[in-house]
Amino acid sequence: MSALALYDTLTRTTSPFVPLKSGEVSIYLCGATVQAPPHIGHVRSGINFDILSRWLTKSGYKVTFIRNITDIDDKILAKAVVEDMPWWAVAMKYEREFTFAYSALNVLPPTYEPRATGHITQMIELMSDLIAKGIAYAPGNGDVYLEVRKLSSYLTLSRQKLDDLLPAGETGDGFKKDPRDFALWKAAKEGEPFWTTPWGNGRPGWHLECSAMIHAYLGDAFDIHGGGLDLIFPHHENEIAQSQAVGWKFAARWMHNAWVTTSGEKMSKSLGNSLLVRAMLERYRGIEIRWYLVSAHYRSMLEFSETALNESVVSFRRIENFLHRAGEKLGYIPEPVISQNFTDAMNDDLAVPQGLAHISEAMRIGNLALTSDDVVGLSAAASEVRGALDVLGCDPFDPAFGKPENDQAEALDGLIKLALSQRQSARARQDFAASDSIRDSLATLGIIIEDTPQGPRWSLTPTTSRTPHQREER
RNA sequence: GGUGGAGUGGCCGAGAGGCGAGGCACAGGACUGCAAAUCCUGCUACACGGGUUCAAAUCCCGUCUCCACCUCCA
């Protein structure tokens, strides 16, 4: 039995995972700033850490998973002007978009999903402590800054030197002692929302909310802090700075997911709407998009291409088809079983691509068993495939992806069987023109006919319309 | 300028001193009335130049190209 080892951004090495508290794991993931609808890059992060959480759970840990929502920030205020809505309505609108996307892609809900605006009290307490320790200061304009030169250590995660940083663009209008000092709290400008503090009316800076929420739910020390690569600096550095300055131990391990890129470049919102999750769900099923995003290692860039996505969809349908055929042959849906091979792959810093090779191997064995009527072998192989898919959140039988069977499906089955019996009689009298014409007509409707030694079987070409629940607002 | 990451066959994508990961595509074969599905076989790649070693895609030195972060970011 292999032991779980995970990469740590702080040490830049993969090391055995040892939880702070035996049998329990606490994870904090920097979630969305809800100022725009999510594209597939955003949900890749959610999916990667969903898999981490699922794998820890399968490994027997009790997982506490906190994923925050930043619902107040400059961009949200800017969007409120553009959309002519209150800022809180903007935040809620896009929060729902994220929730919809996570749900459609089978990202399990976190244990708790705290919002920044719900934790102003904790933020004020944290600032008070930092000011009392002489590490933060309120210059009197309503801002509160953290004085980075006062820190005993800083920039350990990104391994940079303070003096090597390019001069900050934001100077704080001369109120900062050093241009690299960062804002814990920002004074409200005319017409902006604010909360009252001892230092004036204002709102949270970008980094403070995470430290406050982490401490509220996970305490002084917790196991894993996650987020996208770009958060290493400044966001996570500043979280470390303000949290450790008040004496919290903070994260024991840092994990960062890589980008989805297009044409070799980081995805940006200026690329248009085509890669928004909602738009992609018009063309692909959630499980297929998830499969595509899962197939690359979480620390590798995933270069998006339509071709690669389509190939990924085909390969997923092949697996799905195998499981369905196995189920038909066995008369029951095989229970998920996690193989040793797959366990070893996952334990090696969540090496999903290696796990995929084991799925292929199990499929090959399973298909052989299927043609040679080896029911025991088939059941074992199908269980192994399903177990692996289950860990990846891509189990076709997961109720999260909806049940294709319903009353109409029964009627459809009857109709197609009727057509198939016509075709069989045509074949029996060697009238292949007629039999092929029936097959072609069905194919036009998206119904695929395959002749097997047990007789013909039919399946539908998967379309998004088969899973309409995924497109509904929740 | 500073800090990281990447370059692998037609394509995608693992691996990190020796034994061809895997998938897709393609070609041949088996099966089939024909297909489809499936199986079998084939396709010996690691940016470039040096070096270390019995042995290098993997380690070392150098070079090139691309990407990210350096206070908006998943």
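Naming: A, B, ... by sequence-line order, numbering from 1 per chain. What you see is a predicted model; the values in this text were computed from it and never measured.
- Under the 3.5 Å distance criterion, with hydrogens and angles disregarded, no donor-acceptor pair is assigned to the side chains of A/Ser211 and A/Glu239.
- Atom pair A/Arg317:CZ and B/C24:P shows a separation of 15 Å (rounding to whole Å applied).
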Yes or no on salt bridge (Lys or Arg N to Asp or Glu O under 4.0 Å) for A/Asp73 and A/Lys75, after CA distance, side-chain angles and deciding distance?
CA-CA 6 Å; A/Asp73 101 313; A/Lys75 283 196 168 182; over 6 Å; no
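- When each of A/Asp348, A/Asn347, A/Ile224 is checked for a side chain to side chain contact (heavy atoms under 4.5 Å, CB included) with A/Leu6, only A/Ile224 meets the rule.
- A/Asp143 has no carboxylate O lying under 4.0 Å from a charged side-chain N of A/Lys189, or vice versa, which leaves the two without a salt bridge.
- Legend: residues meeting side-chain hydrogen bond (donor to acceptor under 3.5 Å, both in side chains) with A/Glu288, ordered by chain and number and at least two apart, are A/Arg285, A/Arg317.
- Ionic pairing of A/Glu361 and A/Arg364 is present here: one or more N-O contacts between side-chain nitrogen and carboxylate oxygen are shorter than 4.0 angstrom.
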Give me the distances for all protein-to-nucleotides 40-43 of chain B N/O pairs that come in under 3.5 Å?
from  : atom 1 : to       : atom 2 : distance (Å)
B/C40 : OP1    : A/Arg364 : NH1    : 2.4

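- The distance between atom CH2 of A/Trp291 and atom P of B/G23, rounded to the nearest whole Å, is 13 Å.
- Between A/Glu97 atom CD and B/A74 atom P the separation is 15 Å, expressed in whole Å.
- When every heavy atom of A/Pro193 is checked against every heavy atom of A/Ala188, the shortest pair comes out as O-CB, 3.8 Å.
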With the criterion being N/O to N/O and under 3.5 Å, what pairs connect the protein with nucleotides 29-31 of chain B, and how long is each?
none

Structure string for RNA chain B in dot-bracket form, Watson-Crick and G-U at under 3.5 Å, | interchain
(((((((..(((.....[...))).(((((.......)))))....(((((..]....))))))))))))....
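- Here the closest non-hydrogen pair linking A/Leu276 and A/Pro37 is CD2-O, 3.7 Å.
- Contact check of residues 428-457 of chain A against RNA chain B (heavy atom, cut-off under 4.0 Å) returns A/Phe432, A/Ser435, A/Asp436, A/Arg439, A/Ile449, A/Glu450, A/Asp451.
- In this model, the phosphate group of B/U38 is not approached by any side-chain N or O of A/Arg325 to a distance below 4.0 Å at OP1 or OP2.
- When the C1' atom is used for both B/C26 and B/G10, the distance is 8 Å, rounded to whole Å.
- Side chains of A/Trp199 and A/Ile131 form a contact here, defined as non-hydrogen atoms less than 4.5 Å apart.
- Minimum atom distance to the side chain of A/Trp259 is reached by B/A68, of the listed B/U71, B/A68, B/U3.
- On the P atoms, B/A56 is 14 Å away from B/A45, given to the nearest whole Å.
- A donor-acceptor pair shorter than 3.5 Å cannot be found between the side chains of A/Asn310 and A/Glu306.
- Annotation for A/Phe194: atom CZ does not count as buried by contact number, only 12 or fewer foreign heavy atoms lying within 6.0 Å.
- To the nearest angstrom, P of B/G2 lies 20 Å from OH of A/Tyr154.
- The side chain of A/Ala296 lies closest to B/A14 when the candidates are B/C34, B/C72, B/A14.
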Scan nucleotides 18-22 of chain B against the protein and return all N/O pairs shorter than 3.5 Å with their distances rounded to 0.1 Å.
from  : atom 1 : to       : atom 2 : distance (Å)
B/G22 : O2'    : A/Ser360 : OG     : 3.1

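- A/Ser15 and A/Arg253 are linked by a side-chain donor-acceptor pair at a separation below 3.5 angstrom, with hydrogens and angles left out of the test.
- To the nearest whole angstrom, the two P atoms, one in B/G4 and one in B/C60, are 15 Å apart.
- Of the two residues contacting RNA chain B, namely A/Ser315 and A/Gly41, the nearest-nucleotide position lying further toward the 5' end is that of A/Ser315.
- Nucleotides B/A21 and B/A57, compared at atom P, are 12 Å apart to the nearest Å.
- Residues A/Arg115 and A/Met92 are in side-chain contact: their nearest non-hydrogen atoms beyond the backbone lie under 4.5 Å apart.
- For B/U38, the OP1/OP2 oxygens have a side-chain nitrogen or oxygen of A/Arg318 closer than 4.0 Å.
- Nearest heavy atoms, A/Ile438 versus A/Ala419: CG2-O, 3.8 Å.
- Side-chain contact between A/Arg159 and A/Arg12 is present, with heavy atoms from C-beta onward closer than 4.5 Å.
- Contact annotation for A/Arg44: no contact, since no heavy-atom pair falls under 4.0 Å across all strands.
- Taking atom CG of A/Leu302 as the reference point, atom C1' of B/G23 lies 15 Å away to the nearest angstrom.
- Residue A/Glu311 places its side chain closer to B/C24 than to any other of B/G33, B/C24, B/C70.
- When each of A/His297 and A/Val148 is assigned the nucleotide of RNA chain B with its nearest heavy atom, A/His297 is the one assigned upstream, toward the 5' end.
- For A/Arg67 and A/Phe49, the positive end is not near the middle of the six-membered ring at less than 6.0 Å and at most 45° from its axis.
- Taking all atoms of both residues into account, the shortest heavy-atom contact from A/Leu208 to A/Trp185 is CD2-CE3, 4.2 Å.
- Summarising the geometry, the separation between CG on A/Leu155 and P on B/C70 is reported as 13 Å, rounded to the nearest angstrom.
- Look at CG on A/Leu229: it is 12 Å from P on B/C70, rounded to the nearest Å.
- Using a 4.0 Å cut-off, some side-chain N or O of A/Asn367 falls inside it from OP1 or OP2 of B/C39.
- For B/A47 and B/U58, the C1' atoms lie 15 Å apart once the distance is rounded to whole Å.
- Residues A/Asn106 and A/Ile287 fail the side-chain proximity criterion, which asks for heavy atoms closer than 4.5 Å.
- Counting only heavy atoms from C-beta on, A/Arg427 has its side chain closest to B/G33 among B/U3, B/G33, B/U71.
- Listed candidates were B/C34, B/C69, B/A74. Nearest to the side chain of A/Val260 is B/A74.
- Across the C1' atoms, B/A16 and B/C43 are found 25 Å apart, a figure rounded to whole Å.
- Looking at every heavy atom in both residues, A/Gln160 comes nearest to A/Ser158 through NE2-OG, 3.0 Å.
- Nucleotide B/G2 holds its C1' atom 15 Å from the CD1 atom of A/Ile232, rounded to whole Å.
- Annotation: B/C39 and B/G7 have their C1' atoms spaced 36 Å apart (nearest Å).
- For the P atoms, the distance linking B/C48 with B/U53 amounts to 23 Å, nearest Å.
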